[in-house]
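This report refers to the structure that appears directly beneath it.
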Amino acid sequence: MVSIISILYSINQSTLPGSDTYKGLNCRKHSALLTDFGGKGDGVTLNTKAFESAIKKLQTLANDGGAQLIVPPGKWLTGSFSLTSHFTLYIHKDAVILGSPNLSDYPLIAPLPSYGRGRDVEGPRFQSLIFGTNLTDVVVTGGNGTINGQGTTWWSNFKAGHLKNTRPYLIELLYSVNVQISNLVLVDSPSWNVHPVYCTNVIIEGLTIRAPVTSPNTDGINPDSCSNVRIVDNFIVSGDDCISVKSGWDQYGIKYNRPSQHIVIRRLTCISPDSAAIALGSEMSGGIQDIRVEDTVAINTQSAVRIKTGIGRGGFVKDIFVKGMNLNNMKYVFWMTGNYGSHPDPGFDPKAIPVIKGINYMDVVAVNVNQTANLAGIVGDVFSNICLSNVKVRLSQTPSKIQWNCTNIQGVSSNVTPQPCELLSGKGPSGCNFPAKALPIDGVKLQTCNVALPLLL
Ligand SMILES: *[C@@H]1O[C@H](CO)[C@@H](O)[C@H](O)[C@H]1NC(C)=O
Ligand SMILES: *[C@@H]1O[C@H](CO)[C@@H](O)[C@H](O)[C@H]1NC(C)=O
Ligand SMILES: *[C@@H]1O[C@H](CO)[C@@H](O)[C@H](O)[C@H]1NC(C)=O
Ligand SMILES: *[C@@H]1O[C@H](CO)[C@@H](O)[C@H](O)[C@H]1NC(C)=O
Ligand SMILES: *[C@@H]1O[C@H](CO)[C@@H](O)[C@H](O)[C@H]1NC(C)=O
């Protein structure tokens with residue numbers, strides 16, 4: 001196998017016709033194909049062992065320029081497997097990774113410390129299809145190759161209450177730095193699609209994520225207690241929030257105390273009739289701050305950038321900057337929910353009150369809207385320093401009679417139609433706040449890397 005790796009390595013140094021290029025945080029010195037490790041792309045053979053032995057072997061090259069594992073054209077059935085550091089998983093454009101529908105192909109792992117339990121069911125949870133923990137410099141990318149979670153049986157078993165553990169996510173990385181997930185098509189995840197947790201320096205771009213709009217909890221991208229994150233150029237159709245920024249659940253999240261912060265979300269296109277384009281929460285107990293959202297398009301979506309929180313969560317959502325939204329066919333444009341409920345267990349602290357402040361929305365155009373705003377703070381805990389500027393909302397043919405439903409909030413507005421509620425009618429600046437200086441993660445340049453495809457392809 002070493003010789004195969006070195007042959008591929010030498011091919012990789014030339015740019016033969018038939019080789020692909022991709023953008024990576026780092027290019028790798030060594031390459032191997034899944035077929036070098038017994039992989040069979042027939043859609044029937046289980047490839048978990050092939051992935052595991054390939055990655056185990058390539059791990060030994062981490063300190064010698066790193067390695068990439070190429071998933072060639074074919075249908076590659078697999079259970080859960082784990083990535084390694086200084087490593088790229090490259091999924092060819094004609095390759096489809098198929099998630100096994102067999103529960104035995106997903107090991108059980110401990111709940112996240114900031115959640116205290118599995119999200120669906122108490123206790124351990126199934127490890128994600130593609131998993132990684134405590135890694136440095138890891139890339140999952142491709143020429144828009146596909147990862148299909150084959151979620152149908154998971155969804156029906158979940159809805160019927162047949163699952164004794166929390167469903168696996170499609171891709172989850174824990175405690176990792178320098179992470180890239182890009183240029184992939186993610187289809188029918190059993191639950192959330194992309195879940196970086198306790199990670200720093202994360203780039204997620206060029207993903208197409210699809211699941212039926214009726215499928216349960218198929219959130220697109222959920223950065224959770226992560227810092228320095230760039231989420232750009234993604235297209236998501238799903239049964240839950242297209243993006244959901246999180247930071248742990250009630251007393252467990254408060255104790256773990258790790259915020260999600262310094263996140264840029266740019267050029268998201270979202271379709272999600274029963275959920276938000278971007279949710280902040282509901283699990284936000286470690287805090288959410290400095291989130292910059294630019295150029296969002298949402299169609300047939302319940303709401304745009306929604307804050308979800310409640311008594312017991314604690315934590316904060318502050319310094320949120322939203323600029324440029326083009327919305328079509330929405331139930332709400334603005335939505336803040338202060339009574340979300342959904343507690344991990346009865347042990348939550350009823351005195352843990354979330355702090356919500358400094359929420360800025362500017363340059364919003366929305367058409368075919370039912371209710372412009374549903375903004376509900378918490379009695380005794382006013383959501384404050386809300387700013388709206390340059391907002392134009394056109395209503396649907398049968399809109400709600402009350403366009404601004406505001407309670408326990410405070411803020412200002414400028415150039416907003418229809419006329420905002422009294423609590424937001426103070427005169428605001430012609431443009432709400434937006435940070436002038438880009439985040440460092442925004443400036444990180446990706447390199448152009450080669451994938452040599454063997455001539456037999
Ligand atoms: C699931 O995998 C287990 C362990 O490999 C095996 O015993 C079982 O037959 C599989 N179930 C199905 C439905 O294939
Ligand atoms: C991963 O890092 C976390 C946090 O530093 C640590 O608690 C955990 O033990 C590490 N796990 C492994 C497998 O090294
Ligand atoms: C992958 O998809 C993105 C987004 O749809 C597109 O811009 C890009 O050209 C595609 N790349 C390849 C190699 O097909
Ligand atoms: C206004 O919001 C409250 C909750 O804050 C809700 O109970 C009520 O039904 C809403 N009214 C309308 C007309 O949307
Ligand atoms: C829009 O509002 C009307 C009147 O309140 C209601 O009957 C209708 O169900 C709403 N439509 C949607 C999509 O929420």
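Since the structure is predicted, the reported quantities are computational estimates derived from the model, not experimental observations. All ligand and atom numbering here is 1-based and tracks the order in the structure.
- Under 3.5 Å, the side chains of His86 and Asn63 contain no donor-acceptor pair of N or O atoms.
- Those atoms of ligand 4 with a heavy atom of Ala376 less than 4.0 angstrom away are 5 (O).
- Geometrically, Lys255 does not engage Tyr252 in a cation-pi contact defined by less than 6.0 Å to the ring centre and at most 45° from the axis.
- Residue-ligand proximity, Gln371 to ligand 4, at heavy-atom distances under 4.0 Å covers atoms 12 (C), 14 (O).
- Using a 4.0 Å cut-off between charged nitrogen and carboxylate oxygen, Asp241 and Lys308 count as a salt-bridge pair.
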Check ligand 3 against the protein and report each N/O to N/O distance under 3.5 Å, formatted as atom name, atom name, distance.
unit_1: ligand 3; atom_1: 2 (O); unit_2: Asn144; atom_2: OD1; d: 3.3
unit_1: ligand 3; atom_1: 2 (O); unit_2: Asn144; atom_2: ND2; d: 2.3
unit_1: ligand 3; atom_1: 11 (N); unit_2: Asn144; atom_2: ND2; d: 3.0
unit_1: ligand 3; atom_1: 14 (O); unit_2: Asn144; atom_2: ND2; d: 3.3

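- Under the salt bridge (charged side-chain N to carboxylate O under 4.0 Å, His left out) criterion, the residue pairs touching residues 123-136 are Arg125-Glu172, with sequence neighbours excluded.
- Take Asp94 and apply the salt bridge (charged side-chain N to carboxylate O under 4.0 Å, His left out) test, not counting sequence neighbours, and it matches no residue.
- Set against the non-hydrogen atoms of Ile402, the atoms of ligand 4 under 4.0 Å away are 13 (C).
- Cysteines Cys226 and Cys199: SG-SG separation is not under 2.5 Å.
- Taking every non-hydrogen atom of Asn134 and a distance limit under 4.0 Å, the qualifying atoms of ligand 2 come out as 1 (C), 2 (O), 3 (C), 8 (C), 10 (C), 11 (N), 12 (C), 14 (O).
- Near Asn405, meaning under 4.0 Å from one of its heavy atoms, ligand 4 places the atoms 1 (C), 2 (O), 3 (C), 8 (C), 10 (C), 11 (N), 12 (C), 14 (O).
- Shown here are the salt bridge (charged side-chain N to carboxylate O under 4.0 Å, His left out) partners of Arg230, two or more places apart in sequence or in another chain: Glu205.
- A salt bridge does not link Asp345 to Arg117: none of the charged nitrogens lies less than 4.0 Å from a carboxylate oxygen.
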